[in-house]
Asks: 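Below: one structure in structure tokens.
Computation of the quantities below employed the complete heavy-atom set of this structure, encompassing side-chain atoms and omitting hydrogens, waters and symmetry-equivalent molecules.
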Amino acid sequence: MEKTRVKLNICGNDYYINTDEDPKYVQELGEELDEALTRITHDNHRLSQTQAAILCALDYADQAKRANDTADNLRNQIKDYLEDSARYKMEAEVAKREVDRLTKELQSSKPF
């Protein structure tokens, strides 16, 4: 895929990003970052842009870690469900064979 150059304006500064991603997606990321930084600096006027960027980065890192932890938890649950399903399927097959065996045994013991 060809790289595209995307211009982002974050906190009044222009940044040019070369990316393989959809330019609209990158633009949306830039807008979200700009909004987050603006919100942080608006809430505390004493913060520099660098300090605001650090706080924003920590927030995004926290969100990413929580999302990864949630994804890991879901993967483990799915794995457990698949293992349970396989075990139940095997138990059902064993029960079906036993029913078939008992049905044959019953039919062979009936007088005609």
Asks: List, one per line, each side-chain donor-acceptor pair under 3.5 Å for residues 71-82, sequence neighbours excluded.
Replies:
unit_1	atom_1	unit_2	atom_2	d
D72	OD1	R75	NH2	2.5
N76	ND2	D72	O	3.4

Asks: Might you confirm whether atom OH of Y60 has over 12 heavy atoms from other residues, nucleotides or ligands at distances under 6.0 Å?
Replies: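 Enclosed.
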Asks: Taking side chain to side chain donor-acceptor pair (under 3.5 Å) as the criterion, tell me which of D69, T70, D62, N68 meets it with R66.
Replies: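 Among D69, T70, D62, N68, the one that satisfies the side chain to side chain donor-acceptor pair (under 3.5 Å) with R66 is D62.
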Asks: Under 4.5 Å between side-chain heavy atoms, hopping through other hydrophobics if needed: is there a path connecting V26 to Y15?
Replies: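 In one cluster: yes.
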Asks: Of the non-hydrogen atoms in T41 and T38, which two are nearest, and what is the gap between them?
Replies: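 Taking every non-hydrogen atom into account, OG1-O, 3.1 Å.
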Asks: If two hydrophobic side chains count as joined below 4.5 Å and joins carry through other members, does Y25 share a cluster with L8?
Replies: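 Yes, Y25 and L8 fall within the same hydrophobic cluster.
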Asks: Decide yes or no for E2 and D20: does some side-chain heavy atom of the first lie under 4.5 Å from some side-chain heavy atom of the second?
Replies: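 In short, these two side chains do not touch, never coming nearer than 4.5 Å.
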Asks: State the CG-OG1 distance between L55 and T50, to the nearest 0.5 angstrom.
Replies: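 With rounding to 0.5 Å, CG (L55) is 11.0 Å from OG1 (T50).
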Asks: Do L37 and L29 sit in one hydrophobic cluster, given that two such residues count as connected whenever their side-chain heavy atoms are within less than 4.5 Å of each other, even indirectly?
Replies: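 Yes; L29 is reachable from L37 via cluster members.
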Asks: Can you sort out the partners of Y88 under side-chain contact (heavy atoms from CB on, under 4.5 Å), two or more places apart, ordered by chain and number?
Replies: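 With sequence neighbours excluded, Y88 shows a side-chain contact (heavy atoms from CB on, under 4.5 Å) to D84, E91, given in chain and number order.
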Asks: Under the salt bridge (Lys or Arg N to Asp or Glu O under 4.0 Å) criterion, do K96 and D100 qualify, and how do the steps go?
Replies: CA-CA 6 Å; K96 183 181 181 300; D100 290 344; 3.4 Å; yes
Asks: For K7 and Q27, which heavy atoms make the closest approach, and how far apart are they?
Replies: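 Distance-wise, the nearest heavy atoms are O-OE1, 3.0 Å.
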Asks: I need the E35 CD to C11 SG distance, nearest 0.5 Å.
Replies: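 The CD atom of E35 sits 11.0 Å away from the SG atom of C11.
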Asks: Would T4 and E21 count as a side-chain contact (heavy atoms from CB on, under 4.5 Å) if you check the C-alpha gap in whole Å, the side-chain angles of each, and the deciding distance to 0.1 Å?
Replies: CA-CA 8 Å; T4 304; E21 298 293 333; over 6 Å; no
Asks: Check G30 against I10 and note the closest heavy-atom contact, atom names and distance.
Replies: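 The answer is O-CG1, 3.9 Å.
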Asks: Could you grab the distance from atom CD1 of I40 to atom NE2 of H42, nearest 0.5 Å is fine?
Replies: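 If I round to the nearest 0.5 Å, the distance is 13.0 Å.
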Asks: With clusters defined by side-chain heavy atoms of hydrophobic residues (ILVMFWY) lying less than 4.5 Å apart, directly or transitively, does L33 cluster with V6?
Replies: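 Looking at the clustering, L33 is in the same group as V6.
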Asks: Roughly how far, to the nearest 0.5 Å, is the CG atom of D14 from the CG atom of N9?
Replies: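 N9 CG to D14 CG: 5.0 Å, rounded to 0.5 Å.
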Asks: Report yes or no: does Q51 contribute a side-chain atom to a donor-acceptor pair with the main-chain N or O of S48 at less than 3.5 Å?
Replies: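 Yes; at least one donor-acceptor contact below 3.5 Å.
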Asks: Under the salt bridge (Lys or Arg N to Asp or Glu O under 4.0 Å) rule, what do E98 and R101 come out as? Steps first, then yes or no, please.
Replies: CA-CA 5 Å; E98 181 66 9; R101 185 188 69 75; 2.6 Å; yes
Asks: Calculate, to the nearest 0.5 Å, the distance between atoms CG and CZ belonging to N18 and R5 respectively.
Replies: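 It is 6.0 Å, given to the nearest 0.5 Å.
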